[in-house]
Amino acid sequence: MGHQELGLLFAYQGNFSESEKELSKGLELFIKEKAVQPQGIIWVYRSLRALLMEDADSALRAAQRAYDIAFSRQNERDRIRAEWLIGAAFLAKGDLNKAESHLNEAIIRDRRINLVDLEPDILLAIAKLRFAQGHKEEAEKLAKEALDIATRCQYRLNQADIHIFLAEFYLSTKDSAKAKEHLELAKERAACGYQPALNKASQLTI
């Protein structure tokens with residue numbers, strides 16, 4: 001478990017090589033102990049790591065491994081997380097139809113059991129999907145809904161991701177004041193050490 005969580009921490013810090021070392025070690029030990037469900041969590045973390053690296057193909061492969069384990073174990077939480085990550089990976093690859101199918105499944109299942117901690121991630125992914133589909137009004141609404149949940153629950157990493165999206169959104173609508181506001185908030189939320197978000201925020205010029 002320590003290797004697993006340290007691997008995730010390194011990924012959010014942008015230390016991807018150390019992240020992979022820790023996740024590999026965790027997976028090796030879980031396989032040795034025949035602990036199947038935790039192996040699925042490792043694949044979830046590998047998918048998250050790949051998305052932070054903008055490696056959509058690796059993210060998809062890892063998420064599908066996580067899904068297979070979750071489905072075989074009938075673990076609803078793990079399945080929802082895998083559905084979200086598969087959808088996010090397809091979105092990153094530009095396959096909007098497949099992304100929509102998996103993200104819709106994720107949000108339906110998430111709300112059925114009131115899984116609040118995963119909802120901001122799923123809503124943000126759907127907001128990005130709607131933006132890519134040209135539905136800007138719905139994309140803005142979904143992003144703000146995700147932000148409300150993340151703010152209420154103090155999910156700082158979620159807040160950083162959502163503020164970055166909203167900064168990009170308002171840049172696309174030529175509202176530089178709102179874009180700048182969200183960009184500064186994103187940097188503040190990511191200042192805890194969320195390096196991939198800080199890198200992405202620094203690439204935005206307003």
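Each residue takes its place number in the sequence, starting with 1. The shown structure was predicted, so the numbers you read here are calculated from the model rather than taken from an experiment.
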(message) For K180, is there an ion pair with E184 - N to carboxylate O distance below 4.0 angstrom?
(response) no

(message) Please tell me whether I69 and L48 are part of a single hydrophobic cluster in this structure, the criterion being side-chain heavy atoms less than 4.5 Å apart.
(response) yes

(request) First locate atom CD of E83, then atom CG of L118, and finally report the distance between them rounded to the nearest 0.5 Å. (result) 12.5 Å

(message) Counting C-beta onward and ignoring hydrogens, is there a side-chain heavy-atom pair between D161 and Y194 closer than 4.5 Å?
(response) yes

(request) Evaluate whether atom NZ of K187 has more than 12 neighbouring non-hydrogen atoms of other residues, nucleotides or ligands under 6.0 angstrom away. (result) yes

(message) With rounding to the nearest 0.5 angstrom, report the CG to CG distance, D110 to L103.
(response) 11.5 Å

(request) Determine whether F16 and L27 fall in the same hydrophobic cluster, where Ile, Leu, Val, Met, Phe, Trp and Tyr are linked whenever their side-chain heavy atoms lie under 4.5 Å apart. (result) yes

(message) Are V44 and Y12 connected into the same hydrophobic cluster when the rule is that any two of I, L, V, M, F, W, Y join if their side-chain heavy atoms are below 4.5 Å apart?
(response) yes

(request) Just do the side-chain contact (heavy atoms from CB on, under 4.5 Å) check on R77 and D117 with the steps written out, would you? (result) CA-CA 11 Å; R77 177 187 176 82; D117 59 318; 2.6 Å; yes

(request) Could you state whether L23 and L51 fall into the same hydrophobic cluster, counting links through intermediate Ile, Leu, Val, Met, Phe, Trp or Tyr residues with side-chain heavy atoms under 4.5 angstrom apart? (result) yes

(message) Quick check: do E100 and F90 have side-chain heavy atoms less than 4.5 Å from each other?
(response) no

(message) Is the shortest side-chain heavy-atom distance between L60 and Q64 below 4.5 Å?
(response) yes

(message) I want to check a possible cation-pi pair here: R46 against W43, using under 6.0 Å from ring centre and within 45° of the ring axis as the test.
(response) yes

(message) Can you confirm whether R81 sits close enough to I41 that some side-chain heavy atom of one is under 4.5 Å from a side-chain heavy atom of the other?
(response) yes

(message) Working to the nearest 0.5 angstrom, can you tell me the gap between R65 CZ and S47 OG?
(response) 12.5 Å

(message) Taking atom CD as the centre, does E188 end up with more than 12 heavy-atom neighbours from other residues, nucleotides or ligands that are less than 6.0 angstrom away?
(response) yes

(request) Examine distances only and state if a side-chain atom of T173 and a backbone atom of Y170 form a donor-acceptor pair shorter than 3.5 Å. (result) yes

(message) One thing to verify: whether E18 and K21 come together as a salt bridge, which I'm taking to mean a side-chain N less than 4.0 angstrom from a carboxylate O.
(response) yes

(request) Return yes if some donor-acceptor pair links the side-chain N/O of Q39 with the main-chain N/O of A35 below 3.5 Å, else return no. (result) yes

(message) Does any part of the side chain of E181, heavy atoms only, come nearer than 4.5 Å to the side chain of L185, both counted from C-beta?
(response) yes

(request) Supply the atom-to-atom distance F165 CZ to K128 NZ, rounded to the nearest 0.5 angstrom. (result) 7.5 Å

(request) Answer yes or no: does atom CD of E137 have more than 12 heavy-atom neighbours from other residues, nucleotides or ligands under 6.0 Å? (result) no

(request) Decide whether L123 and I80 are clustered together by the hydrophobic rule: side chain heavy atoms of Ile, Leu, Val, Met, Phe, Trp, Tyr closer than 4.5 Å, transitively. (result) yes

(request) State plainly whether the residues K141 and E145 are in salt-bridge range, i.e. N to O under 4.0 Å. (result) no

